[in-house]
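The block underneath contains the structure these notes are about, expressed in structure tokens.
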Amino acid sequence: GAGVSQTPSNKVTEKGKYVELRCDPISGHTALYWYRQSLGQGPEFLIYFQGTGAADDSGLPNDRFFAVRPEGSVSTLKIQRTERGDSAVYLCASSPGTSGGDLHDTQYFGPGTRLTVL
Amino acid sequence: AQSVSQHNHHVILSEAASLELGCNYSYGGTVNLFWYVQYPGQHLQLLLKYFSGDPLVKGIKGFEAEFIKSKFSFNLRKPSVQWSDTAEYFCAVTTNFGNEKLTFGTGTRLTIIP
């Protein structure tokens, strides 16, 4: 079946501009995660959705970053007033969302969006 | 907060050599442990995971990892590597039920020489 997809695959923007990054999770997955991976680093958690609500946004670096998932499926990560330090690969992952007890979900990652801020 | 350390940044091996990549975590409570792999040009894929039970976990492509609680370690092993194992390997941990956010290490780049 189809995996997690992310669009665009590459985004080049200028400092100060607004960008939106899209994630289409695996169909039926209720949990969705955004991570950011800078060069030479492992992915860093940004935000987690369970259904439509952001269950944990503790990883968002500041209030320029915002994410939504209005219908509990597709999610959009929005970055205002981009800065050069925002340049990274933004990864999305989804999982079935049946956490708790003995059941732990594998997160399935998308290919990422490479954001370059000039 | 939990953290993950991968001390080997770049490992170079010849084909058929044995592999061990180190992973240590810091967290005093119950953890769930993962190894993810990223082949060149591809997205992150799960190699194996440990939640409970037998501390020796077997994953795909002949990989295995051993959870040693007393050492806070979850090292990845493979007895005989292949050129196709060339990739970036990430160790990761989760600690909470209901929020499985992953904390990753910085990764180890593995290069296999034919």
Side-chain angles (χ1 to χ4, degrees), chain A residues 2-6 9-10 23-26 29-51 53-60 67 88-114, chain B residues 1-10 21-25 27 30-54 57 59-60 67 74 76 87-109:
Chain A
V4 177
S5 62
Q6 293 185 245
S9 55
N10 280 284
C23 172
D24 278 89
I26 293 171
H29 281 190
T30 62
L32 185 146
Y33 300 80
W34 283 98
Y35 296 85
R36 177 169 73 172
Q37 186 174 17
S38 301
L39 196 61
Q41 302 295 317
E44 292 179 299
F45 169 77
L46 294 176
I47 187 170
Y48 155 62
F49 288 90
Q50 184 60 257
D56 183 353
D57 64 358
S58 62
L60 295 177
V89 176
Y90 288 81
L91 298 170
C92 177
S94 72
S95 71
T98 52
S99 57
D102 294 330
L103 193 60
H104 298 270
D105 295 327
T106 295
Q107 292 183 31
Y108 297 88
F109 282 81
T113 293
R114 182 176 298 279
Chain B
Q2 67 273 22
S3 65
V4 177
S5 298
Q6 293 181 249
H7 302 294
N8 311 109
H9 297 295
H10 189 192
L21 300 183
C23 172
N24 289 88
Y25 66 92
Y27 185 74
T30 303
V31 293
N32 310 304
L33 296 153
F34 306 79
W35 276 97
Y36 278 84
V37 61
Q38 189 166 26
Y39 297 104
Q42 297 187 27
H43 56 269
L44 278 167
Q45 302 172 41
L46 182 68
L47 261 184
L48 49 78
K49 59 187 177 184
Y50 171 80
F51 291 141
S52 62
D54 189 343
V57 180
I60 61 171
F67 171 49
F74 190 56
L76 182 70
E88 185 105 24
Y89 292 80
F90 294 93
C91 183
V93 62
T94 66
T95 60
N96 295 331
F97 282 62
N99 181 351
E100 308 279 341
K101 64 181 181 182
L102 290 158
T103 299
F104 285 88
T106 53
T108 296
R109 184 154 64 100

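If you measure heavy-atom distances from A/Tyr35 to chain B, the contacts under 4.5 Å come from the side chain alone. Heavy atoms of A/Leu91 lying under 4.5 Å from chain B belong exclusively to its side chain. For chain B, the nearby parts of A/Gln107 are the backbone and the side chain; heavy atoms of each come within less than 4.5 Å. Proximity to chain B is absent for every atom of A/Ser38, based on heavy atoms less than 4.5 angstrom apart. Residue B/Leu102 touches chain A through both its backbone and its side chain, counting heavy-atom pairs closer than 4.5 Å.
Proximity of B/Trp35 to B/Val57: side-chain heavy atoms (C-beta onward) are nowhere separated by under 4.5 Å.
Using the six-membered ring where Trp is involved, A/Tyr108 and A/His29 have ring planes that are tilted, between 30° and 60° apart.
Summarising the local packing, CD1 of B/Ile60 is surrounded by more than 12 heavy atoms from other residues, nucleotides or ligands at distances under 6.0 Å.
Checked by atom type and distance alone, the side chain of B/Gln45 never pairs as donor or acceptor with a backbone atom of B/Tyr39 at under 3.5 Å.
Residues B/Phe51 and B/Phe34 bring their aromatic ring centres within 6.0 Å.
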